[in-house]
Structures are given as structure tokens and as C-alpha cells.
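Worksheet: one structure, shown below.
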Amino acid sequence: MRFAFTQDQLDFAEAVSDLLAKECDPAAVRVAWENDTGRVPGLWSRLVEMGVVGLLAPEGVGGLGMGEIDLVRIVYEAGRAALPEPLSTIAGVVVPAVRDHANTADAERFLSDVCAGTSTIALGLAANPLVVGAAGAAMFVLEADDGLHLVDPDVVEITPEQSVDGSRRVSRVNWNPSSATLMCGPSGAAEALDRAATFTAAELCGLADTMLTLTTGYVAERKQFGVPIGSFQAIKHHCANAMLAVEFAKPLVWRAAYSLTQRDPDASLHASMAKAAASDAADVVGRIAMQCHGGIGYTVEYDLHLYLKRAWSLISQDGSAASHRRRVADRVLG
Amino acid sequence: MNIVVCVKQIPDPADPGALDPESKTLKRDGKLILDESDSYGVEMALQLVGDSGEVTLVSMAPNGEVSGLRTALAMGAAKAVLVSDDALKGSDALTTAKVLAAAIGKAGEYDLVLAATESSDGYTGVVPEQIAAVLGLPSVTFAKAVSVDGGTVKVDRQTEAGYDEVTCPLPAVVSVTAGVVEPRYPSFKGIMAAKSKPVDQLALADLGIEAANAGWAGAGQEIVEVAAAAQREAGEIIEDDGEAHAKIVDFLSNLKVI
């Protein structure tokens, strides 16, 4: 058995990495911090044209009919760039949920629009009190006690809230579940959370990698006592610990995506292992990055700030490390 | 309409380049990528042919390198001709032009040859015109807009003052400037399709060019020495004793800027 990504998967990730290097640099992320939408103008349509958004959608509606394992490296690249677009939720969670559970007509209509880039669908899981990108969404996939609902924006009440991350437009969404909007039961909602946790974990690994790259670049340049501070053992150990955390989290994330693709009965366990490890990794890398930068990442003008704030937002999204560790314990210990 | 685009595969500019101390040339043994300046020619060609023709890539690269070609194929080019031969190491601009011209002859029927103005790693800036001379075709340089009307190509040719409107009969060789169009990003479908598109790999012998006339042996130039660029000298610091402005005026007068 070969435990590695295929050449196609690596080529897709490289293509997205090239796109984001040009179109989603820190200056572009800052634009998203300051504009009304919290997004980079024109970037979503480029991702749509490339085929990223519809990767998991059936070919009949304009998608590519691929699996979570094909998407996970791409979402990791999105994390590396702190992409302020709803890629992991739409491509990774909403598309497969609608594909698998909406009635045929709804699935065809909404997925065609999503694959063509003409509309977006916002996601509200019970694990998250706030919904990202609610304003302007053509539909909502919202979780209630009885499962996932496909809800028209006309019947939801949106109250904007403030996020720690300037490029995330979050809202509280009030609505009343009804049997007419029910798309699938609790098992479908649990599956959506597994996907959300896995792809958020992939984003966190990307963010952690970028924070570490910024840090190693900084400590190789910043001099004290006539030498780069990176030559001091205390700094070296910090950087090594940061790298260990993120490199140990990555295989769990790739495994979780593989398990989702294979419909492994333990996919939920693997998703929790991935999210717990990636949240912890991003937390520790963020702390180390800030310390090794001598606190300079505290200022919004310094790029580290953008990645740090996104990491803080995602660490608690789709279940905290503690909640996922509890899920792992429940599953393993019974 | 069919268009041939000359593309160069170069070391990734994001990685610091290194010179081979023996040959005194750029190390090109790692993965090579499509020169960004060539992506404009590829995009221009794709837009010009639309659905009624083919874009063929022509490239010369060491070690049978195709990574950059695959990128251009993923953008939408139909096929590629690659010339790769150890005997080409050290080739000068004219040899490169002769090789590319011979490879263009293997690319099938064509109406137009596009190239970038210059490569991002060599910067000789003469290869497109040399190709035109070798092929006996008219050449238009520095195109900032290109359109084809029947048997002629119309080019807005960038000049210092603005641009000239130039027309010339096809087939012709046109070099396009960076920024002339916005190159598309390869789609996933394009990336997958590119893997099965034909890349015709040729050696010097296939082109009828003698090894003695190529590479170091055929080059009309020799790299004698490579030296690090001199460090910038420290500027002159003037203590202002009330007359500093006069010294600044003198300094600027000497530069003939005032």
C-alpha cells in the first residue's frame, strides 16, 4: 500500500498554491480585512474556474466527482495563504451534504449554481454559535437537533457579530426548524461535522506552517549580540517544537480525509484526532511564533498577525481540541 | 489557424539561483518551470486560435524537462515539441534560435510564431528575431496587442513614446511584452488532460544539426570569468554648516538632473 498523495493530488495543490501566491498574498488578505465582504474581490471566481469549489460535486452538475482526499491538500494550501474565502465549508462540507442528502432537484439546482460560482451556501453547524458568510448566501445548511436543514435566506434572521479575525464576517442566525426544510437526520449532521473538523484541521496545519516559516525567516535575520537570534539554543528548541507539533498533526489530517473518502467506520474518530492535534499545533506554533518575533506579531501591520488571528478563530471552530479529545476518549474507551 | 509558441523552462525564480563554477552558467539540473514571461505568449495564442486551431509549444531544455511544458499544456496548448540534448549545453542565443527554428519546422503547419520579448533567466532578448531570420519570416517585436485578419497580423508595437500600428503578412514571428494579456490559471481538468497530450522529444540529430555547431563548440562567445558584483560604496555624508544645499545642487548638476 502506498501512503502518499497521487501526482494528480500534488499537481492540484501546486496549482492552487501558485494561484494563491499571486492572488492571495498578505496585501490581498488585508483588503479583505477592510472591505464589506471580508473576501478578496475576484478570487472566488478564479477558484471556481480552476475546479476547486466543485471538486466533490458530481460531474453532471459541473463538478469533478472527486473525494475528500483530493481536496485536503488544497484546503491546506488555503490555510497557508489565510484564504479569506469559504472554501473549506462550501467545497468540503456543504457540497457533499447537499449532494448526498438534498432531493434530486434541489441538489442539481444548488450544486450547479455553486459549481458555476453564481451563488454560495452558508453553513451553520451546532458546534459553532456563529455562521460565516451569512450575508449574501443564496441558501443555508443549518443544523438542528433533528439533523441538517436546507433553509431559504428569506426565513432566517441575521445579526452581524464581531470576529477576532478581521476577514471573517460572522453572524448569529435565528431560524425555526420545520419538517419541510429537513434535509437529513442526525447522522448526516454528524458526518458534516466530521468533514468540517477535518478541513478546518487542514487549514490550521497550513496556517501553522506559514507562521513557522515567518518565524524561521525572522530569527535567521534578527540579530542580537552580533549573531542571528536563531543561533541561540532556546530559539532553536522553540522552532523545533513548533515544527514537531505541525508535522505530527498533518498525517492525522491526511488520514481523516482518507477515511472520509473511504467511508471508513472510524472516520469520525479520525476527524476528531485530526482536529485536536491541528488545533493544538496551531496554538503552540502561534505562541512560539509570537514569542520568537519578540511580540512584533502583536501589531496588525505585521503579517504574522493575519495568520495568528485566523488560527485563533479556527482553533475553536468545529469543536475545540478538548471537545474532540473527549470524542476520541468516548470512542476508544467506550 | 495554428500558432507555435516558443517557451522557455527556467529554474524557479523563487529559489535562489546558483552558477555552476565549472561551466560558469546557471545551474539548470533541478525542476524547471514555465517562464512567466512566456505565459503571456501562450495565453495570447490560445485567445487568437479560439476553437478553430491548435497551439503548439516549442522548447529547448536540458534533461528532457517537461514540467514547464505541462503547465502550458494545462493552460490549453494542444501539443509540444521539446529539444533536449547534452550537446546543447552552453548554446548561445543564435544556436538556440537555430534549434528552435528547426523544431518549429517539426511542429506541423502554422500561421504565426509567438515568443516572449526575452527570457527571465537569460535576458538576451534577441532569440525571436534570430528565429525569424533563420526561418526567413517577417518579425514584429514588443507586441502589446495582436490580432489576425485573414492573411495578415496586426500588432500594436510598444515604443518609448506610445505604440506603432504594424501589419505584416503571415506567417510571421511576433514577440509579445509581459502584461499583454492576463494568463489563465490551469484548471484541474486542464492539468489532468495535459498528462496525455503529446510531447515530441527530439535530439539534435533529429533536427539535422551537427553537435559541432551547437553548445559550447558552436557558441560564438565564451564565459571567461564570473565575479561577484561590486558592493555599493557608502554615500557621502555632508554635515550641514549652512552651505549643504549648495553641495546638493552641485551634486545634482553633476548628474545633469537639474
Side-chain angles (χ1 to χ4, degrees), chain A residues 5-25 40-67 69-75 77-78 80-81 83 87 91 95 115-117 213 217 220, chain B residues 7-17 30-43 46-47 50-51 57 63-77 80 116 120-121 178-197 199:
Chain A
F5 287 101
T6 65
Q7 193 55 49
D8 273 349
Q9 287 158 354
L10 295 173
D11 288 345
F12 292 171
E14 188 180 346
V16 172
S17 171
D18 288 347
L19 166 76
L20 297 181
K22 286 179 190 146
E23 310 287 346
C24 188
D25 59 4
V40 180
L43 185 49
W44 188 250
S45 60
R46 289 193 188 283
L47 292 164
V48 166
E49 284 164 19
M50 192 172 256
V52 183
V53 177
L55 199 75
L56 270 60
E59 292 183 55
V61 294
L64 290 173
M66 294 188 176
I69 191 67
D70 301 299
L71 181 62
V72 72
R73 276 297 293 249
I74 293 164
V75 173
E77 293 297 338
R80 278 208 325 134
L83 174 72
L87 181 68
V95 165
C115 290
T213 304
Chain B
V7 297
K8 189 168 184 184
Q9 303 174 88
I10 63 168
D12 192 339
D15 297 328
K31 182 186 171 187
L32 304 178
I33 64 167
L34 178 69
D35 188 343
E36 191 178 344
S37 64
D38 286 325
S39 61
Y40 300 100
V42 175
E43 179 62 39
L46 291 169
Q47 289 185 14
D51 297 327
L57 310 166
N63 311 322
E65 177 66 53
V66 293
S67 300
L69 289 177
R70 292 284 174 215
T71 303
L73 290 168
M75 287 172 73
S120 305
D121 65 340
V180 61
V181 280
E182 191 178 353
R184 68 194 68 186
Y185 291 99
S187 70
F188 290 170
K189 280 183 180 169
I191 290 169
M192 288 190 285
K195 291 179 196 289
S196 55
K197 288 180 177 174
V199 177

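Per chain, numbering begins at 1; letters A, B, ... match sequence-line order. Bear in mind that the values here come from a model prediction, so they are computed numbers and not experimental data.
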Practice task
Apply side-chain contact (heavy atoms from CB on, under 4.5 Å) to the pair A/Phe12 and B/Ile191, showing each step before the final yes or no.
Solution key: CA-CA 8 Å; A/Phe12 292 171; B/Ile191 290 169; 4.2 Å; yes

Exercise for the section: Under the salt bridge (Lys or Arg N to Asp or Glu O under 4.0 Å) rule, what do A/Asp11 and B/Lys195 come out as? Steps first, then yes or no, please. Expected result: CA-CA 11 Å; A/Asp11 288 345; B/Lys195 291 179 196 289; 2.3 Å; yes

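The contact between A/Leu64 and chain B is made entirely by side chain atoms (from C-beta outward), counting heavy-atom distances below 4.5 Å. For A/Val52, the parts sitting under 4.5 Å from any heavy atom of chain B are the backbone and the side chain alike. Contacts between A/Leu47 and chain B at a heavy-atom distance below 4.5 Å are absent for every atom of the residue.
A pairwise comparison of heavy atoms in B/Ser187 and A/Glu49 identifies CB-O, 3.7 Å as the closest pair. The shortest non-hydrogen separation linking B/Phe188 to A/Ala15 is CE2-CB, 4.5 Å.
In this structure, B/Ile33 CD1 and A/Asp18 CG are separated by 7.5 Å, a value rounded to the nearest 0.5 Å.
Taking the charged nitrogens against the carboxylate oxygens, A/Glu14 and B/Arg70 have no contact shorter than 4.0 Å, which rules out a salt bridge.
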